Amino acid sequence: MSASRSSAPGRLVALDAHGAASALTPHEAARLVDAALAAEPGAVLLRPSPAARAILAEIDRRVPVVAVLPDMAELLREAADRGGARAALARLGRARPAAWLRLALTAVRHLPTVAQQDFRGLVPVLIELERAGLQTAALQGIALAAPLTDLLLAAGHETCIAHVVQFIRRSIGVEAGLETLNLGHLLTRLAAWKIAPDFVIGPLNPTGFRMKPSPGAVLDAVRRAPVRVLASDVTAGGSVALASAIAHARTHGAAGVVATLDELVSIP
Amino acid sequence: MLDLIRLAPELQPNVGPLRPVRVGIVGLGRMGAVHAAVLSTLPDVTIVGAVDSQPGAARRVRGMGFRFPVSATLDALLTDQVDAVWVCTPPDSHLAVARRCLEAGAAVFVEKPLAHSLEDARVLAELAAGPAARVACGYGFAYWPTFVAARQLLAAGVIGSPLRAVSSMFLSQLSGPQRGWMYDRARSGGGVVANLSSHLLFLLRWYFGMPISVDATWRQVHTAVDDELRATLVMPGCAQVLFESSWCVPGYPISVTTIAVEGSDGSLQVDNQQLQLDLRVPRCGLGAGVTRIRDAELPQPAHFYFNGEAFALEDAHMLRWATGGAPPPITAAAGLDVQRIIDALYASAAQGGDAVAVPP
């Protein structure tokens, strides 16, 4: 599978705010994103939490969005509390009727694999379900969230990863990415499987934080990968200055970098 | 100080089985799938099969991409010459499954808690005390870098003698009535303490030794088991430890565990993300004052990251033990100790908060 000509952004601002940025109002957070993207054009990286959606609502609607889907932890928690059907309906309630139709079509197209509980069918339906509630007009790309990517990677579910990439690219019509916390493992397997998503998001930083299987193996895999790598965890949990962390990632072959709101607020 | 932390056996790099091993998994719920994923990535490990009595289990794990065979009974797995078995079934079945695995000569990793009752836990620990037996219990905080670092520093006396501690573990797991084995005391052995914050009890025992007595109160908010529990533990290595846990508070999408220890020469505070010391006197290469260590600064030796470092490390260390290496800190004996504390907490709570001695 060859990669499409990708325009994956060079800079992404993730609307994740677990530390210092969690004290910001959505408006203040949005202005921080605006400032960061004014300094260097890029996109917003969105995980569909209520807090992130509130910030997104305050951001210029023309700013490109790359969504990381699905939020499995939130989905499972809601399903446990309210039941799977009500958790799904809550997402559809935020969507336009066109999104309901897309979800229905996706479910019908994947019916045989869904019936077999095969993730080749389940993951596209989950992505479509989460996309329905995104409320963004400027979706540029979708990355499969790390918990699912890494589960499929560990299980060796090559056909599912290939199918998800094709589904995002062809059925949704946006760039297809994979988020991982095992960057070296994933890039190596993608090469062996001849799967080329438009981009991969994974940890790359000067201290080796979360670089699996080892910092050296990750740097080597990134250097050799035909896939565009967007570096995450660039400041290694705040232990490296953001500017030098970004420079480090780019020096080592990252096509783009992800900075979180927390990093923008608290790391010079 | 970081050199001291790097000496921790739990954070050594390149740990794994000392020879190629064949492993099996019993129970393919959430924890079974997590261990299947982690074990699939470890070098020299082959998952030869799994067991689950539910009809859809085989289809479910095949749907994730796993290709190992799944059978409905333990016999098929145990005739396949397995070196080690991961028992990820509800706690009321741990003893029966582990006993058969041990009889077949396999090492056994039992997900926490060790059993649903103190009686079962005692029998299992007794079986595990056999000369060739290897039984571990899944208290993964023993491999969580910040918590390992805290143990190293406490053991080195960095804050002097611990005087008192405040500890908590919170998770927003439920906000309404629930069904399933985890909320059925007869199957799970209890609620938030047995199924979640027994992890924290493991840490307290690891840091300060076995409590002498406890007093506890509990609340049932959404389920028929303890949804919240508050307790005081009197411990030999720290005069008094406050303990609080809930799985129905908002604001904790991921569980957060915190321990703050006041010592004779300073204080230490640790959580899942970082560790902070405030020393009154220079010690272990640190000057007086506040020092903060983030998890990113600690060793991260796991080969594969899945829900953190700990799962990969605990499985790797278990397999090293199963193949002749050193025992991990999460042996069945440690699991039994935690079960004794759980039993005392529940006994005290059931008596309205009276002080209860931890059973021998």
Side-chain angles (χ1 to χ4, degrees), chain A residues 18-19 22 49 71 73-74 76-78 80-83 86 113-123 146-148 150-161 180-186 189 202-203 205-215 217 233 235-240, chain B residues 13-14 30 33-43 47 56-68 145 171-180 182-183 222 248 251-254 256 273-274 292-309 311-312:
Chain A
H18 305 295
S22 58
S49 67
D71 182 347
E74 183 65 20
L76 290 173
R77 200 162 32 251
E78 282 187 33
D81 280 351
R82 308 154 74 176
R86 293 177 80 176
T113 42
V114 169
Q116 290 167 7
Q117 298 188 45
D118 191 323
F119 276 43
R120 280 178 300 173
L122 294 173
V123 174
L148 272 177
D150 290 335
L151 175 63
L152 297 169
L153 171 66
H157 206 339
E158 171 187 352
T159 55
C160 180
I161 292 178
T180 182
L181 294 173
N182 294 282
L183 186 56
H185 290 292
L186 181 65
R189 295 297 284 273
N205 52 65
T207 69
F209 179 52
R210 289 184 179 164
M211 291 170 65
K212 304 293 181 190
S214 67
D233 285 309
T235 67
S239 52
V240 181
Chain B
N14 305 316
R30 194 175 73 88
V34 166
H35 286 293
V38 167
L39 291 165
S40 296
T41 66
L42 286 174
I47 302 177
R59 179 182 289 183
R60 198 167 58 244
V61 295
R62 269 201 288 277
M64 295 175 194
F66 295 109
R67 289 291 169 262
F68 49 76
L171 174 65
S172 309
Q173 178 166 313
L174 49 104
S175 58
Q178 301 289 321
R179 285 175 297 180
M182 194 174 283
Y183 309 101
H222 298 301
C248 56
Y252 297 89
I254 299 168
V256 174
Q273 307 257 314
Q274 65 178 0
R292 194 169 66 150
I293 308 165
R294 298 184 182 94
D295 60 349
E297 299 168 66
L298 297 170
Q300 311 271 334
H303 177 75
F304 194 86
Y305 191 100
F306 200 76
N307 291 354
E309 294 274 308
F311 282 117

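Order of the sequence lines sets the chain letters (A, B, ...), proteins ahead of strands, with each chain counted from 1. Note that the structure is predicted; figures quoted are calculated from it, not measured.
- By number of non-hydrogen pairs under 4.5 angstrom with chain B, the leading residue of A:R120, A:E158, A:H185 is A:H185.
- Neither the backbone nor the side chain of A:P203 comes within less than 4.5 Å of any heavy atom of chain B.
- Shown here for A:A236 and B:A296, the closest heavy-atom pair between the two residues is O-CB, 2.9 Å.
- With a 4.5 angstrom heavy-atom cutoff, A:L153 touches chain B only via side-chain atoms.
- Contact between A:A154 and B:A37 at its shortest, heavy atoms only, is CB-O, 3.4 Å.
- Put simply, the side chain of A:Q117 does not reach to within 4.5 Å of the side chain of B:R62, judged on heavy atoms.
- Checked against A:K212 for a side-chain contact (heavy atoms from CB on, under 4.5 Å), the options B:F304, B:Y305, B:F306 give a single hit: B:Y305.
- Using a 4.5 Å cut-off between heavy atoms, B:Q274 does not touch chain A at all.
- The part of B:P301 that comes within reach of chain A is its backbone (N, CA, C, O), which places non-hydrogen atoms under 4.5 angstrom from that chain.
- Contacts of B:A302 with chain A are made by both backbone and side-chain atoms, with heavy-atom separations under 4.5 Å.
- Nearest heavy atoms, B:M64 versus A:L152: O-CD2, 3.7 Å.
- No other option in A:N182, A:T235, A:D118, A:L181 has as many heavy-atom pairs under 4.5 Å with chain B as A:N182.
- In this structure, the portions of B:R60 lying under 4.5 Å from any heavy atom of chain A include both its backbone and its side chain.
- Between chain A and the residues B:T41, B:D295, B:L298, the largest count of heavy-atom pairs under 4.5 Å involves B:D295.
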